[in-house]
Each structure stands twice: as C-alpha cells, then as structure tokens.
Amino acid sequence: MSKYASWTHGKLPLPELLELKRRGQKIAMVTAYDFPSGRISDEAGVELVLVGDSAAMVVLGHDSTVPATMEELLLLTRAVTRGAKRPLVIADMPFGSFQVSDDDAVANAVRFVKEAGADAVKLEGAGPTLSRAQAIVGAGVPAMGHVGLTPQSATMLGGFKAQGRTAEKAERLYEDALALEAAGCFAIVLEAVPAAIASRVTEALQVPTIGIGAGAECDGQVLVWHDLLGLYEGKAPRFVKRYADLGDAARRALEAYVADVREGRFPEEQHTYAIPDEELDAFEAWLGARV
Ligand code: KIV
C-alpha cells in the first residue's frame, strides 16, 4: 500500500451527495460532538456528521448557541473527526466567526479544515452570508448553507419558531436558498420551515436540502444527537423524534453504581488486582519490621 494513501480513502466523496439526490436516495445527517459520537455515527451509516454549534446548549449548558467559540468548536471537531471516518464531517461556524468579513470567514473555515480535519463547514443565513459562503468555497473549503430558523439570529427572528409561514417570507426563503446554491453551497439545511415550502425549495435546487422540521420531501434529514437519543432535558421542538432514552438509562445506571459503592457491593473480586502470595508475605514481613 502506498505510504501516501489518499485522505479520501474510505471517505464519502462529496459529489456523491448530488448523485444521492438524483437517485432519490435520502441522506442521513446527525450532530456529534466527541470521539464516541463520531464513531457511532460512522458505524450507523450516516452520510453527514455535523459538529453543530448546538454544542453550546446540549454539551456546554448555555441557553443559546451564541456563546459557542471557535476554540470550543475546533476542539469538538477534532474529536469527531478522529471517530467519524467515512461520513463527511461538517464543522458549524460559530456566531462571530464569519459575521465580520469575508477574510475572517475564510480564515476560520480554513482553521476547521487544517486544525481539526473537517471536510466542510456550515454557516447560517443568507444576505451577508452569501459573500462569506462564496469566499469560503472560493478558498477551497466546501460550505453548507442554513436557512429558515437560524438559531444564531433567534432574537432577530422573534425566538425559536418556524419560519416562512407567510407567502412573503416563504418567497424570501426560497430566493435565499437559491442564492446560497448560486454562491457555491453543496447542500442547504432547511430548519423549521413548512413542509410545502421545503418541498418547493427541494425541487428548485440542484444541491440537496437537509431538513430539520421541514418535512419528508427534503433530500435528507438531520437531528441533534442529544434530542434523538433522549439526552437533553429541555422541551423538545415538535420536529424531534426520540429514538432512545439514554438519559434515563444513564441515570438509572448511575443510581445503581452509587448504591453499590455505598453498600460495599462494588468493587468485587473480578474488578481487583491480585499479588502472588510470596510477594504479599514478603511485603507483610517488611511492614511488620518497619518501625
Ligand atoms: O447546530 C446544530 O446542531 C444545527 C442543526 C440543528 C442543523 O445547526
């Protein structure tokens, strides 16, 4: 085997996403924030892993995504890329990392690729984001767009609520998605958008749409790891489907551990290390002679 094996070895080729859309094959995307979630996502066969700035809420305990920093997202992305080999790993550009200028956006996108091994980045919004997306793609970093409910601007949008629910707002959303495609985005996340509008956007775009609360007609779906697995305590949005209750399972396991420790049931012999009898005798003799 070549010493200089390609980095793409085993990696899903990005253009394959267009093929999946053409063939009508749905794309599965999930968020991940560390090595085990990256590895499990890979083993489960997802195509796309997003290191979302949702980490600010579900991992770091903030009440919005706004406080997420580049350094935090870089650290999490590094861990995920060590675990997720075949899926494309997309790093979410945190608030402040692309708002200031195109140059800043490119520099931060490049950091995700060079320092954390990301395959692509995602950035929220349209309008000023268009030139950022274009600059990032122009610098050779694949970019994913995100329209509809964009949590980094939740305050301006009036909270965490569905978008595009009037004809005028739906028209703007439709135009924004087309403009992001024209700017070079390889896929667009549609978040909390009426299914009928998401369906029209999906028909209009060459690149895949990835829906979250945007109905079944999108080319793919994304869910947040903690929502999907029942690890997040807050009120889940209506678009969340919970596939497991790991939070409850973890709590019950820890309660059993605490009880075992307190009652002396853990550790048992199988959890401890032995020492040969003669070594123990010698040690005891040394201890007895010690003043
Ligand atoms: O940060 C995130 O997890 C996201 C997804 C909800 C698309 O942006």
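No hydrogens, no waters, no symmetry mates; every other heavy atom, side chains included, goes into these values.
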- Query: Is the shortest side-chain N to carboxylate O distance from Arg172 to Glu175 below 4.0 Å?
  - Reply: no
- Is there a salt bridge (Lys or Arg N to Asp or Glu O under 4.0 Å) between Glu124 and Arg132 once you walk through the steps? CA-CA 10 Å; Glu124 290 186 7; Arg132 310 290 191 257; over 6 Å; no
- Ser153 side-chain N/O to Met156 backbone N/O, donor-acceptor pair under 3.5 Å: no
- Item | Minimum side-chain heavy-atom gap Val30-Leu228 below 4.5 Å | yes
- Message: What I'd like to find out is whether the side chain of Val49 reaches to under 4.5 Å of the side chain of Thr81, using heavy atoms alone.
- Response: no
- Heavy-atom check, side chain of Lys161 versus side chain of Leu149, under 4.5 Å: no
- Residues in side chain to side chain contact (heavy atoms under 4.5 Å, CB included) contact with Asp281, at least two apart in sequence or another chain: none
- Message: So does Ile27 get a backbone contact from the side chain of Glu47, meaning a donor-acceptor N/O pair under 3.5 Å?
- Response: no
- Worked verdict on Asp219 versus Ile210 for side chain to side chain contact (heavy atoms under 4.5 Å, CB included): CA-CA 6 Å; Asp219 299 304; Ile210 308 291; 5.5 Å; no
- Could you tell me whether the side chain of Thr209 and the main chain of Cys218 form a donor-acceptor pair under 3.5 Å? no
- Task: Could you tell me whether a side-chain N or O of Thr150 sits under 3.5 Å from a main-chain N or O of Gln152, the two making a donor and an acceptor?
- Result: no
- Any side-chain heavy atom of Arg111 within less than 4.5 Å of one from Glu71? yes
- ring-ring contact (aromatic ring centres under 6.0 Å, His included) with His146: which residues, sequence neighbours excluded? none
- Got a salt bridge between Asp227 and Arg242, using NZ or NE/NH1/NH2 to carboxylate O under 4.0 Å? no
- Find out whether Asp119 and Lys11 are in side-chain contact, i.e. whether some heavy atom of one side chain is under 4.5 Å from a heavy atom of the other. yes
- Test ring-ring contact (aromatic ring centres under 6.0 Å, His included) applied to Tyr243 - qualifying residues, sequence neighbours left out: none
- side chain to side chain contact (heavy atoms under 4.5 Å, CB included) evaluation trace for Asp102 with Gln134: CA-CA 9 Å; Asp102 287 359; Gln134 204 165 15; over 6 Å; no
- Look at the side-chain heavy atoms of Ile, Leu, Val, Met, Phe, Trp and Tyr, link any pair under 4.5 Å apart, and say whether Leu76 and Tyr232 land in one connected group. yes
- Nearest atoms (heavy-atom pairs only) where Ala143 meets Ile136: CB-CG2, 4.2 Å
- Note on the structure: residues 85-140 vs ring-ring contact (aromatic ring centres under 6.0 Å, His included), sequence neighbours excluded, gives none
- What residues join Leu180 in its hydrophobic cluster, counting side-chain heavy atom gaps under 4.5 Å, either direct or through other members? Leu18, Leu130, Val147, Leu173, Tyr174, Leu178, Ile188, Leu190, Val193, Ile197, Val201, Leu205, Val207
- Query: Does the pair Glu43/Lys85 count as a salt bridge with the N-to-O cut at 4.0 Å?
  - Reply: no
- Message: Has Glu217 got a side-chain atom pairing as donor or acceptor with Thr202's backbone, closer than 3.5 angstrom?
- Response: no
- Item | Within one Ile-Leu-Val-Met-Phe-Trp-Tyr cluster: Val58 and Leu231, side-chain cutoff 4.5 Å | yes
- Hydrophobic cluster membership, Phe186 vs Met29, 4.5 Å side-chain cutoff: yes
- Taking atom CG of Leu88 and atom CG of Leu48, what is their separation to the nearest 0.5 Å? 6.0 Å
- Exam field: side chain Gln99 to backbone Gly96, donor-acceptor pair closer than 3.5 Å: yes
- Heavy atoms, side chains only, cut-off 4.5 Å: are Ser54 and Trp225 in contact? no
- Just by distance, do the side chain of Asp104 and the backbone of Val100 share a donor-acceptor pair under 3.5 Å? no
- Query: How about Glu203: does its CD atom have over 12 heavy atoms from other parts shown lying under 6.0 Å from it?
  - Reply: yes
- Query: Any side-chain heavy atom of Arg290 within less than 4.5 Å of one from Trp286?
  - Reply: yes
- Query: From Leu60 CG over to Thr65 OG1, what is the distance, rounded to the nearest 0.5 angstrom?
  - Reply: 11.5 Å
- Message: Using the rule that Ile, Leu, Val, Met, Phe, Trp and Tyr join whenever any side-chain heavy atoms are under 4.5 Å apart, tell me whether Ile40 and Leu50 fall into a single cluster.
- Response: no
- Task: Could you check if a side-chain atom of Asp34 sits within less than 4.5 angstrom of a side-chain atom of Val80, using non-hydrogen atoms only?
- Result: no
- Message: Is it the case that atom NZ in Lys26 sees more than 12 heavy atoms from other parts of the structure closer than 6.0 Å?
- Response: yes
- Item | Glu278, CD: over 12 other non-hydrogen atoms inside 6.0 angstrom | yes
- How close do Ser37 and Ser41 get, heavy atom to heavy atom, and via which atoms? O-OG, 2.6 Å
- Query: Can Phe35 be reached from Tyr33 by stepping across I, L, V, M, F, W or Y side chains whose heavy atoms are under 4.5 Å apart?
  - Reply: no
- Please answer whether the main-chain N or O of Glu115 pairs with a side-chain N or O of Arg78 as donor and acceptor at a distance below 3.5 Å. yes
- Message: Could you walk me through whether Val51 and Thr31 satisfy the side chain to side chain contact (heavy atoms under 4.5 Å, CB included) test, starting with their C-alpha distance in whole Å, then the side-chain angles of each, then the deciding distance to 0.1 Å, before giving a yes or no?
- Response: CA-CA 6 Å; Val51 188; Thr31 67; over 6 Å; no
- Query: Under 3.5 Å, side chain of Asp92 to main-chain N/O of Gly52, donor-acceptor pair present?
  - Reply: no
- All heavy atoms of Pro94 vs all of Ala68, minimum pair found to be CB-O, 3.4 Å
- Message: With a 3.5 Å distance limit and no angle check, can you tell me whether Ser199 reaches the backbone of Ala195 through a side-chain donor-acceptor pair?
- Response: no
- Item | Electrostatic pair Arg39:Asp42 at N-O distance under 4.0 angstrom | no
- Task: Would you please test Met144 and Val189 for side chain to side chain contact (heavy atoms under 4.5 Å, CB included) and show each step?
- Result: CA-CA 7 Å; Met144 174 182 255; Val189 169; 3.8 Å; yes
- Item | Minimum heavy-atom distance between Asn108 and Ser97, given as atom pair plus value | ND2-O, 2.8 Å
- Query: Shortest non-hydrogen contact from Leu223 to Lys241?
  - Reply: CD1-O, 3.8 Å
- Whether over 12 other heavy atoms sit under 6.0 Å from Phe283 CZ: no
- Heavy-atom closest contact (Val106 atom, Ala139 atom, distance): CG1-CB, 3.6 Å
- Query: Which pairs pass side chain to side chain donor-acceptor pair (under 3.5 Å) with one or both residues in residues 253-270, sequence neighbours excluded?
  - Reply: Asp260-Arg265
